[in-house]
> 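Please read through the structure below; I'll follow up with questions.
Just so you know, residue 1 is the first one in the sequence shown, and it goes up from there. Just so you know, these numbers come straight off a predicted model, no measurement behind them.
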Amino acid sequence: MRADVTNADLAAFCISAFMLAVMVMTLLLLLTVILRSARQSRTTRASTGGQSDAVITWKSIQTILSIFNVSLLGMIVGSVVLFSSRLLSLTQSHSYLTVRGAILLESFGGTLFESCYCIYTWSRSKSLIGESGSVLYWILSALAVLNPILFIAQLITGVLLEFQVASTQLYHDVGVATIAGVFLLDVGMLSCFSYFLLKNPAPTTSTGQFNGNSEAQKQWYRTSIIAKYGAFSCGASFLTLAMIVADALFLPLSAYTNLLSTCAYFAAGLAAIILLVMKIKLEGGYGNLFASTAKSEECTKTKDEES
């Protein structure tokens, strides 16, 4: 650790080290969930017969490489990179802009995390929005496509800044555009989540909402999980954006810039953890995760299509 470390920098270092360890464990948990899901899928298909080993293997690979798994994996890896960049910069300088490689790591980690966050949130939640012809659907789908492009632009400016080709001002201007895009997407998604939860409360025996329709009840349960945990992840995303804006706008807090940015990374990591919990809940909960393959085959069909 450098000699001129402040209390705020020390706090930022401790948070970063702790969260780096947490995100590595989260990554291992996700890999366990993905591989177990693929194994259950393969076992189920093999037991039903009618498919060759090659087809079964290909279906298992598709399960592993689903958009949900890949984007969630990208979020967690991006978070690991962000905390690694923070630790690298904190050990060498108060300003990460003066540390060789820190900008590249931050740009890459931020781009990977936010791009995958937008892709995952939109892919998992677009069924809540309603008809694909609605104005809100097209606005949010456009933002889901535009935001990753902005993140890639931020990555490019970060690379140019590292080699002193671009200015710090340009890097921050692109960052402002990315913040605005994520904010608008989160506002739209949170509105959809809140609308569903308010209009579709938990069913009771007295209301007879599903009239014994187990499939409708199962679908409501899955959708309510998406809405609830999606709202939580939006809240974590808002906290991330708030910390980034505070770090950029409130100059008197510049002495705490490392702590603010670390708190932003903390909130981003929290969003990834929330979405992983959503995935586990959708796949039958922690009991199903650690249950025997025979007991958990019942959940496999829905997992193949939606996880």
> Check Ser85 against Leu105 and note the closest heavy-atom contact, atom names and distance.
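Looks like CB-CB, 3.4 Å.
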> Indicate yes or no for a side-chain donor-acceptor contact from Ser84 to the backbone of Val80 under 3.5 Å, with no hydrogens or angles considered.
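Here the side-chain-to-backbone pair exists.
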> Measure the shortest side-chain to side-chain distance between Gln154 and Leu150 over non-hydrogen atoms and say whether it is less than 4.5 angstrom.
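Result no, sub-4.5 Å side-chain heavy-atom pair not found.
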> Tell me if a side-chain donor or acceptor on Ser89 pairs with a main-chain N or O of Arg86 at a distance below 3.5 Å.
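Checking the backbone N and O of Arg86 against the side chain of Ser89, a donor-acceptor pair under 3.5 Å is found.
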> For the side chain of Ser233 and the backbone of Gly230, is there at least one donor-acceptor N/O pair under 3.5 Å apart?
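Yes; at least one donor-acceptor contact below 3.5 Å.
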> For residues Leu136 and Cys192, report the shortest heavy-atom separation together with the two atoms involved.
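So the minimum-distance heavy-atom pair works out to CD2-SG, 3.6 Å.
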> To the nearest 0.5 angstrom, please state how far the NZ atom of Lys228 sits from the CG atom of Leu197.
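Lys228 atom NZ to Leu197 atom CG measures 8.5 Å (nearest 0.5 Å).
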> I'd like to know whether Leu259 forms a side chain to side chain contact (heavy atoms under 4.5 Å, CB included) with Ile15, so could you lay out the CA-CA distance, the side-chain angles of the two residues, the decisive distance to 0.1 Å, and finally the verdict.
CA-CA 9 Å; Leu259 184 57; Ile15 294 173; 4.1 Å; yes
> Looking only at heavy atoms, which two atoms of Ile152 and Thr111 are closest? And how far apart?
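Looking at all heavy atoms of both residues, the closest pair is N-CG2, 3.9 Å.
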> Please answer: with hydrophobic residues joined when any side-chain heavy atoms are less than 4.5 Å apart, are Trp138 and Ile149 in the same cluster?
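No; tracing contacts between hydrophobic side chains, which count when under 4.5 Å, never links both residues.
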> Look up atom CD1 in Ile64 and atom CG in Leu73, then write down how far apart they are to the nearest 0.5 Å.
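The CD1 atom of Ile64 sits 11.5 Å away from the CG atom of Leu73.
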> For Ile76 and Met23, work out which heavy atoms get closest and say how close.
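The pair with the smallest heavy-atom distance is CG2-O, 3.6 Å.
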> With hydrophobic residues grouped by side-chain heavy-atom distances under 4.5 Å, do Phe18 and Ile274 end up in a single group?
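As far as the 4.5 Å side-chain criterion goes, Ile274 and Phe18 are connected within one cluster.
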> For the backbone of Leu104 and the side chain of Ser107, can you confirm whether one donor and one acceptor N or O come within less than 3.5 Å of each other?
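Answer holds: no.
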> Can you tell me how the ring of Phe232 sits relative to the ring of Tyr229, calling it parallel under 30°, perpendicular over 60° and tilted otherwise?
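Perpendicular.
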> Do side-chain atoms of Ser194 reach the backbone of Ser191 as a donor and acceptor pair under 3.5 angstrom?
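No, because the side chain of Ser194 does not come within donor-acceptor range (under 3.5 Å) of the backbone of Ser191.
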> Grouping I, L, V, M, F, W and Y whenever their side-chain heavy atoms are under 4.5 Å apart, do Val145 and Val187 come out in a common cluster?
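Different clusters: Val145 never reaches Val187 through Ile, Leu, Val, Met, Phe, Trp or Tyr contacts under 4.5 Å.
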> Check for me, please, whether Leu170 and Val176 land in the same ILVMFWY cluster - side-chain distances under 4.5 Å, paths through other members count.
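Per the 4.5 Å side-chain linkage, Leu170 and Val176 are not co-clustered.
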> Taking the side chain as C-beta and beyond, is there a heavy-atom pair between Val182 and Thr240 under 4.5 Å?
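No, every pair of side-chain atoms sits at 4.5 Å or beyond.
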> Between CG of Leu190 and CZ of Phe193, what distance do you get to the nearest 0.5 Å?
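Leu190 atom CG to Phe193 atom CZ measures 8.0 Å (nearest 0.5 Å).
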> I need the Ile139 CD1 to Leu185 CG distance, nearest 0.5 Å.
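Those atoms lie 11.5 Å apart.
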> Looking at CG of Leu275 and OG1 of Thr26, how far apart are the two atoms once the value is rounded to the nearest 0.5 Å?
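Leu275 CG to Thr26 OG1: 12.0 Å, rounded to 0.5 Å.
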> Looking only at heavy atoms, which two atoms of Met278 and Ile226 are closest? And how far apart?
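Smallest interatomic distance, heavy atoms only, reads CE-O, 3.6 Å.
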> For a 4.5 angstrom cut-off between non-hydrogen side-chain atoms, does Tyr265 reach Ser16?
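A side-chain contact under 4.5 Å is absent here.
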> What pair of heavy atoms forms the shortest contact from Phe108 to Val81, and how long is it?
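Smallest interatomic distance, heavy atoms only, reads CD2-CG1, 4.1 Å.
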> Is there a donor-acceptor pair closer than 3.5 Å between any side-chain N or O of Ser123 and the backbone N or O of Tyr120?
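Not a single qualifying donor-acceptor pair exists.
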> Near Phe266 CZ, under 6.0 Å, is it more than 12 heavy atoms from other residues, nucleotides or ligands?
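At most 12 heavy atoms, drawn from other residues, nucleotides or ligands, come within 6.0 Å of this atom.
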> Evaluate side chain to side chain contact (heavy atoms under 4.5 Å, CB included) for Met243 paired with Thr262, printing each intermediate quantity in order.
CA-CA 9 Å; Met243 292 295 101; Thr262 300; over 6 Å; no
> Any chain of hydrophobic side-chain contacts (each under 4.5 Å) joining Met189 to Leu198?
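Different clusters: Met189 never reaches Leu198 through Ile, Leu, Val, Met, Phe, Trp or Tyr contacts under 4.5 Å.
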> Side chain to side chain contact (heavy atoms under 4.5 Å, CB included) between Trp122 and Ile67: does it pass, once the steps are laid out?
CA-CA 11 Å; Trp122 172 248; Ile67 189 170; over 6 Å; no
> Is the closest side-chain heavy-atom distance between Ile225 and Tyr221 below 4.5 Å?
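Yes, at least one pair of side-chain atoms sits under 4.5 Å.
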> Is the side chain of Ser71 donor-acceptor paired with the backbone N or O of Phe68 at a distance under 3.5 Å, no angle test?
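Looks like yes, one N/O pair under 3.5 Å.
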> Taking atom SG of Cys263 and atom CG of Leu270, what is their separation to the nearest 0.5 Å?
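Result: 12.0 Å between the selected atoms.
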> Tell me whether Asn147 contacts the main-chain N or O of Leu143 through its side chain, where contact means a donor paired with an acceptor under 3.5 Å.
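A pair under 3.5 Å: yes.
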> Is the backbone N or O of Leu88 less than 3.5 Å from a side-chain atom of Thr91, with the two atoms forming a donor-acceptor pair by type?
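Yes, because the side chain of Thr91 sits within donor-acceptor range (under 3.5 Å) of the backbone of Leu88.
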> Would you say Lys126 and Leu140 make side-chain contact, with heavy atoms under 4.5 Å?
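In short, these two side chains do not touch, never coming nearer than 4.5 Å.
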> Working note: Phe196 + Ser224, criterion side chain to side chain contact (heavy atoms under 4.5 Å, CB included); need CA distance, chi angles, decisive distance, verdict.
CA-CA 8 Å; Phe196 174 85; Ser224 65; 4.0 Å; yes
> Mind checking ring-ring contact (aromatic ring centres under 6.0 Å, His included) for Phe183 and listing every partner two or more places apart, or none if nothing turns up?
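Result, ring-ring contact (aromatic ring centres under 6.0 Å, His included) vs Phe183: Phe238.
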